[in-house]
Amino acid sequence: MRLSRLTLDRLPEAVKKPNYDPAQVSVGIVHLGIGAFHRAHQAVFTDSILAEDVSWGISGVSLRSPDTRDALEPQDGLYTLKIQDGEGEQLQVVGSVVELLCAPEEPEAVLRRMADPATRIVSLTITEKGYCHNPATGTLDEAHPDVVHDLANPQRPRSAIGFIVEALARREAAGIAPFTLLCCDNLPSNGHVLKRVVRRFAELRDPVLAALADRLSCPSTMVDRIVPATTDSDREGIATALGLEDAWPIMTEPFQQWVIEDDFPRGRPAWEKAGAVFVDDVAVFEMMKLRLLNGSHSTLAYLGYLAGAETVAEAMALPGMEVLIEGLMREEATPTLPPLPGFDLAAYRADLLRRFRNPRLRHRTWQIAMDGSQKLPQRLLGTVRDRLRAGAGYERLALGVAAWMRYARGFDERGREIDVRDPHTARIAALVQDIVEPEQIVDAYLTMRDVFDADLAGSDPFRLALVKALTRLFGQGSAATLRAYA
Ligand code: CS2
């Protein structure tokens, strides 16, 4: 038997259930990119407030595969969240996702939902590459195949940006005020990045639409919760615990954080009642999270993978790793952050180390290693740039970047092929796969101007630091390089 509205009352006592009737919930939010992260984060905050206002249900849209819709539709959108760490676990069934759509199969239904007057917020978790932007500059990549496609076929878009602009055009034509656009991806000033790419795309479509985009509210947010991909063994465990099948449960940690700029002209859920924090300016929080959490995560992922660690917890246990990550955060990244009055950064860092050690989450280094070309600029390279300007050291950051260079080249330390997932896998392979000299490898990577801006690419000290780190990685391997920090 399957989890659904009909079987909700069969759930064991200990499982937390919706404290409202999911059948009464109507759509107020369209979410683009209904992956695991959204379902462990924004959907859970929303679930907590639906008892007070059932008009904020979520229509979850996949921009690529039908998998999530196919898994959740037979379950009326219900799914299980398993929250776990070394101290225990809690199961919760979430009911805030009340509709599932697969954009490539039903683009018209998606556009209709986005243009519906009841839709007041369109939120996004489409990952870094979903913004079709140049990661080094944050501007629209006008040559991106999806951008080219959507400009040629504005009524049948493929990208999130294409959907947003077409939906806004339809609302405008029908005299319906625009929705608030809520970016929930790990990008610096994510609301600004989103607005910039939407505005530029709108301008390329029609100058009248650009004026519309200018008036959009795009609050920035900082989102945080660690959510490893679900495995078949997770599914089996959930089926046993529930006594019901759930085709796509979500695994996560107890920690959750959401900092949001309060700019919602068409209203918003009272997410603060679920623990979200509303502030005037999110930029500092976002920078702190990107540089401390995500910068460490990527470093752990590349060095860990190369040293044979399958998960983040295993990578943390490698001799030297924790010292390296702690030093990267405290000595190299923290001094680059603007002041955060009243915020205890030392406690934040200690908490991150504890979260990375979570023995119950099997967060694969390979998962975090994905899309490095899109992630490195805001996670590690911006920090390096600030350190360079300050005349300060960045040896650990450079080691993280060099580990990406070794990883993305496509072979592990035993010469076996790595399944590198990145929009630029082929381009990187063409650049560096035939070269073996660390110096030449570094130079080839530094030609990627969408990753390394002219400042970084032209810096001799940075180049030398990369060559030194990459030489160590090729000469001794990742585990021995790490051990030197122990
Ligand atoms: C991770 C993030 O996959 C990755 O690149 O660094 O998804 C990370 O787990 C989240 O940002 C935590 O909030």
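The residues of the chain are indexed from 1 along the displayed sequence. Atoms within each ligand, like the ligands themselves, are counted from 1 in listed order.
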Run the numbers for me: atoms of ligand 1, each under 4.0 Å from some heavy atom of [X], listed by number.
X	result
Lys289	10 (C), 11 (O), 12 (C), 13 (O)
Asn186	11 (O)
Arg379	1 (C), 4 (C), 5 (O), 6 (O)
Lys375	3 (O), 4 (C), 5 (O)

Of the protein's non-hydrogen atoms, which lies at the shortest distance from [atom], and what is that distance?
atom	result
atom 1 (C) of ligand 1	His297 ND1, 3.3 Å
atom 2 (C) of ligand 1	Asn294 ND2, 3.6 Å
atom 13 (O) of ligand 1	Asp224 OD1, 2.5 Å

- Is Thr425 reaching over with its side chain to a backbone N or O of Asp422, donor-acceptor style, under 3.5 angstrom?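 Flag set: sc Thr425 to bb Asp422 pair under 3.5 Å.
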- Item | N/O separation below 3.5 Å, His363 to ligand 1 |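 N/O-N/O distance below 3.5 Å does not exist for this pair.
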- Ring centre gap for His297 and Phe356 strictly below 6.0 Å: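 Close enough - the centres of the two rings lie under 6.0 Å apart.
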- Query: Using the benzene-type ring in the case of Trp, are the ring centres of Tyr348 and Phe343 under 6.0 Å apart?
  - Reply: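 So the answer is yes for these two rings.
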- Task: Apply the side chain to side chain contact (heavy atoms under 4.5 Å, CB included) test between Leu32 and each candidate in Leu124, Thr125, Ile161, Leu181; give the one that qualifies.
- Result: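 Exactly one pass, corresponding to Leu124.
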- Residue Asp344 excluded, over 12 heavy atoms near CG under 6.0 Å: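 Counting neighbours around CG of Asp344, more than 12 heavy atoms of other residues, nucleotides or ligands fall under 6.0 Å, so yes.
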- Task: List the atom of Pro219, the atom of Leu182, and the distance in Å for their closest heavy-atom pair.
- Result: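 Taking Pro219 first and Leu182 second, the nearest heavy atoms are CG-CD1, 3.9 Å.
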